[in-house]
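Take a look at the structure set out below.
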Amino acid sequence: MTDCKDRYLRLRKAVELERAAEEIYFRNLAASKSIKERIDSGIVWYPVDISRQHYTIGEYVELELVPSTPSAYSKSNAFRVGATAILFINKKERIELRGSISYLSKRKVRLVLATDVLVKDYLLEGGSLGIELIFDDRPYRVMLEALDKMIRSEEIQVSEFREALCHQKLAQNRVIDAPAITKDRGLNPSQVQAIDIAHAVRRIAIIHGPPGTGKTTTLVGLIQHLSGYEKQILVAAPSNNAVDLLAKLLHEKGLRVLRLGNVTRMGDSIAELSLDEQVRNHQEWQHIKQVKIEAEQTQKEAAKFKRKFGEEERRNRGLMFKEAKGLRQWASDLEDRLIDKIVSQTQVICATLVGCAAEPVKNLKFKTLVIDEGSQALEPECWIAMHLAERVIVAGDHKQLPPTVKSKDAADLGLTETILDRMTEHLDESALLTTQYRMHPNIMGFSNATFYEGKLQSAMSVTERQLPEIGSDPIQFIDTSGCGFQEEYNPENRSRANRQEYLIIREHIISVMDQLQGFSIGIISPYREQVRVITQEIEEDPIMQSLDLDINSIDGFQGQEKDVIYLSLVRSNDDGELGFLKDFRRLNVALTRARLKLVIVGDLATLGADETYLSLADYVEKNGKYQSAWEYMTY
């Protein structure tokens, strides 16, 4: 146990370092930078306009905000659904309203505020609006508490989890008499096999789901199967979006689903599954509401001004206050019992990993915990939920990008290493999903051979799908070697750009503009500065604005897909310096976003310093179309 304890103490230290790094990051931005610098840093949109505001679940106020000017926000920003933010109103005395981001798109953000006052009431005397991300240390506090509890715990399942993750092995992990799986859910053989393995483990199973292989479909099938013989199942993920999606799909399958967590962080599509809404829609709620009204009326009656106030009036007022207090307590007891009833009758409880530290889920016990997006989940986050279950099934793809960590020291101590990283290759109960439904086979081929040992195959539906109008080659490499497209470095954000690479992308798009109408298009790059430059160029280009375009960093695009993807690799220098392009998980993410066509733009004279990029160029030449950028240099 000594070596294991040392590992987990290092992990605890890593969490503390990451918490400190994030706090310093926000503090420095707030204290030492102008509003423009904070906008460029990606933590502020200012000024913004309210395009819509309304009451949402729980009688919170949701605002829909849009930038007032193109310079009011940076496309390369740190905003994410579920993040804590403030709405600030700049006037004589600055007003701040705390809330969380419930929706985010290219030029729109929705913020749910913990208030029941419409913001227009604050704007009667004028003032300009902005939205700013703020530091929230609660996730770090609950992670540290979970690690401390794990280190001290003597529970058998916690001990086995702890030892397994420490030593990367686990004996006696199979249940001999597990109920047989039904195979009639429209799943392919690898998905059925994954469910068969997962439902029959004692402690840990892995479902390794490469891009487009139906990981979510498999998890839904697994949970349906488990619900046939387990009273309740806990489903968790690091992001609210992933939790919402699973909750919605499971509800559509007819399961009784409860989505726990802060209602301000849930999407509208699953509002009816939240605890607030299930309580309000229950037949017993009207009685509880009536008791609350009686308590309020009694309280008001007791507090009324009386011109004559003697001993009898004093005694009556005391009795009425006592009665109001008793009514409130009664209503509270009735509400607690109703919550207990709703929770006990639920088949699947869904929450974020951090949300598993909150009432009422933190006091429950489950046979099975299913964790989605395991490649994006910090191990300390997972421990929050793992304390509540006898076994855990973790799903994701460790060949994709790991969780984002700001502190290099925390990363060096192992904070970016996930449960999938530690266990997928070492655990017998690890299932690989092998049929992918997203990409044309020629797009999939390089990643399949390089990252997945050639084990993936394409479903017939994607093999037959292509874009003949814009060329029969689903994958294309446009080489900028010899064109003089030198990268540029921005010291302010320590990121890089290559404007000429975008101009090549623009020329390619214009050459097939008519055929692209109606298809979704993504332009992605490893570098935030390139995203900023491309976004700025497109905002001033009415031709490009006519298309359905999404511009983002590779990191920001993980988990998404488009019909057509353009990838700008940026690096072009005389030293063959690649920087973080050497993280091939980032390359894997980039190469697996396109459904129908992938166009890569890069300088092979620079990229060729690494054998992987040379192999990529060779693959494209054999299975797609290789071109020189000179063919597009009309500007």
Side-chain angles (χ1 to χ4, degrees), residues 21-22 25-26 28-29 33-46 67 70-81 83 85 101 104-107 109 131-133 376 400-408 411 416 485-503 505-506 522-540 549-560 562 565-573 577-591 593 600-603 606-607:
E22 185 163 355
Y25 171 76
F26 279 102
N28 288 345
L29 286 174
K33 292 200 172 184
S34 67
I35 190 74
K36 183 182 183 306
E37 289 174 314
R38 280 147 63 200
I39 292 169
D40 291 342
S41 296
I43 67 164
V44 168
W45 284 20
Y46 179 83
S71 61
Y73 74 111
S74 167
K75 176 65 181 177
S76 147
N77 64 63
F79 282 35
R80 65 188 187 280
V81 174
I101 295 172
L104 183 66
S105 67
K106 287 187 285 188
R107 298 184 184 181
V109 63
I131 178 173
E132 181 168 3
L133 296 179
Q376 289 288 297
Q400 303 270 304
L401 285 166
T404 301
V405 168
K406 288 186 172 66
S407 167
K408 183 181 182 303
T416 59
F485 294 176
Q486 290 292 105
E487 66 190 61
E488 297 178 359
Y489 179 69
N490 184 338
E492 286 189 13
N493 58 18
R494 295 181 294 180
S495 188
R496 300 174 191 273
N498 193 320
R499 181 175 177 273
Q500 286 83 4
E501 281 194 3
Y502 163 67
L503 295 178
I505 289 172
R506 183 181 185 275
I523 303 177
I524 60 177
S525 174
Y527 290 95
R528 289 189 301 126
E529 178 66 8
Q530 181 74 337
V531 172
R532 188 191 67 79
V533 168
I534 292 174
T535 302
Q536 190 174 54
E537 291 278 346
I538 289 175
E539 284 176 346
E540 300 170 0
L549 284 173
D550 193 356
I551 307 98
N552 210 331
S553 66
I554 295 172
D555 298 51
F557 210 80
Q558 181 161 269
Q560 300 182 59
K562 295 287 182 182
I565 288 287
Y566 288 88
L567 169 60
S568 171
L569 291 171
V570 174
R571 299 310 297 261
S572 180
N573 55 70
E577 180 59 48
L578 298 186
F580 69 13
L581 287 189
K582 290 181 179 179
D583 186 342
F584 298 120
R585 290 175 296 185
R586 184 168 283 107
L587 176 63
N588 186 30
V589 171
L591 297 180
R593 301 304 98 197
I600 306 164
V601 180
D603 180 357
T606 299
L607 299 169

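The figures here come from the full heavy-atom set of this structure, side chains too, leaving out hydrogens, waters and symmetry mates.
- Considering every non-hydrogen atom in both Lys406 and Ala21, the closest pair reads CB-CB, 4.4 Å.
- Within the 4.5 Å cutoff, side-chain heavy atoms of Tyr46 are placed close to those of Ile39.
- Neither side chain, Glu487 nor Ser572, offers a donor N or O lying under 3.5 Å from an acceptor on the other.
- Closest non-hydrogen pair, Pro67 versus Ala72, comes out as CB-CB, 3.8 Å.
- The existence of a salt bridge linking Glu577 and Arg571 is excluded, since no basic side-chain nitrogen approaches an acidic carboxylate oxygen closer than 4.0 Å.
- Residue Ile534 holds its CD1 atom at 12.0 Å from OH of Tyr566, rounded to the nearest 0.5 Å.
- For the pair Thr416 and Pro402, the tightest heavy-atom approach, listed with the atom from each and the gap, is O-CB, 3.7 Å.
- Remark: the backbone N or O of Gln558 is not paired with any side-chain donor or acceptor of Gln400 at under 3.5 angstrom.
- Heavy atoms from other residues, nucleotides or ligands lying under 6.0 Å from CD of Glu488 number 12 at most.
- Side-chain contact between Val109 and Ile101 is present, with heavy atoms from C-beta onward closer than 4.5 Å.
- A distance of 8.0 Å separates CZ in Phe79 from CD in Glu132, rounded to the nearest 0.5 Å.
- For the pair Glu537 and Arg499, the salt-bridge criterion is met [side-chain N within less than 4.0 Å of a carboxylate O].
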- Message: Please evaluate residues Phe557 and Val589 with respect to the criterion side chain to side chain contact (heavy atoms under 4.5 Å, CB included), reporting the C-alpha separation (whole Å), side-chain torsions for both, the decisive distance (0.1 Å), and the verdict.
- Response: CA-CA 8 Å; Phe557 210 80; Val589 171; 5.9 Å; no
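- Remark: Lys36 pairs with Asp40 by the salt bridge (charged side-chain N to carboxylate O under 4.0 Å, His left out) rule, at least two apart or across chains.
- Atom CZ of Arg586 and atom CG of Leu401 lie 5.0 Å apart (nearest 0.5 Å).
- Across Leu569 and Leu607, no two heavy atoms sit closer than the pair CD1-CD1, 3.5 Å.
- No donor-acceptor pair under 3.5 Å is formed between the side chain of Ser553 and the backbone N or O of Pro526.
- Side chain of Gln560 to main chain of Gly556: a donor-acceptor pair is present (N/O by atom type, distance under 3.5 Å, no hydrogens or angles).
- Shortest non-hydrogen contact noted between Ser568 and Gln530 is OG-NE2, 2.9 Å.
- Here Ile551 contributes atom CD1 and Ile538 contributes atom CD1; the two are 3.5 Å apart, rounded to the nearest 0.5 Å.
- Annotation: the span from Tyr502 atom OH to Ile523 atom CD1 amounts to 6.0 Å, rounded to 0.5 Å.
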- Message: Is there a side chain to side chain contact (heavy atoms under 4.5 Å, CB included) between Arg528 and Arg532? Walk through the geometry before answering.
- Response: CA-CA 6 Å; Arg528 289 189 301 126; Arg532 188 191 67 79; over 6 Å; no
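- Side chains of Leu581 and Leu587 form no contact here, defined as non-hydrogen atoms less than 4.5 Å apart.
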- Task: Report the C-alpha distance between Lys562 and Asp550 in whole Å, list the side-chain angles of each, state the deciding distance to 0.1 Å, and finish with yes or no for side chain to side chain contact (heavy atoms under 4.5 Å, CB included).
- Result: CA-CA 9 Å; Lys562 295 287 182 182; Asp550 193 356; 3.7 Å; yes
- Task: Begin from the C-alpha positions of Val601 and Leu567 and carry the test side chain to side chain contact (heavy atoms under 4.5 Å, CB included) through to its verdict.
- Result: CA-CA 6 Å; Val601 180; Leu567 169 60; over 6 Å; no
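- Ring geometry, Tyr73 versus Trp45: the interplanar angle falls from 30° to 60°, so the pair is classed tilted.
- A distance below 6.0 Å separates the ring centres of Tyr527 and Phe580.
- The CG atom of Leu503 sits 7.5 Å away from atom CZ of Phe485, with the distance rounded to the nearest 0.5 Å.
- Looking at every heavy atom in both residues, Arg593 comes nearest to Ile524 through CG-CD1, 4.3 Å.
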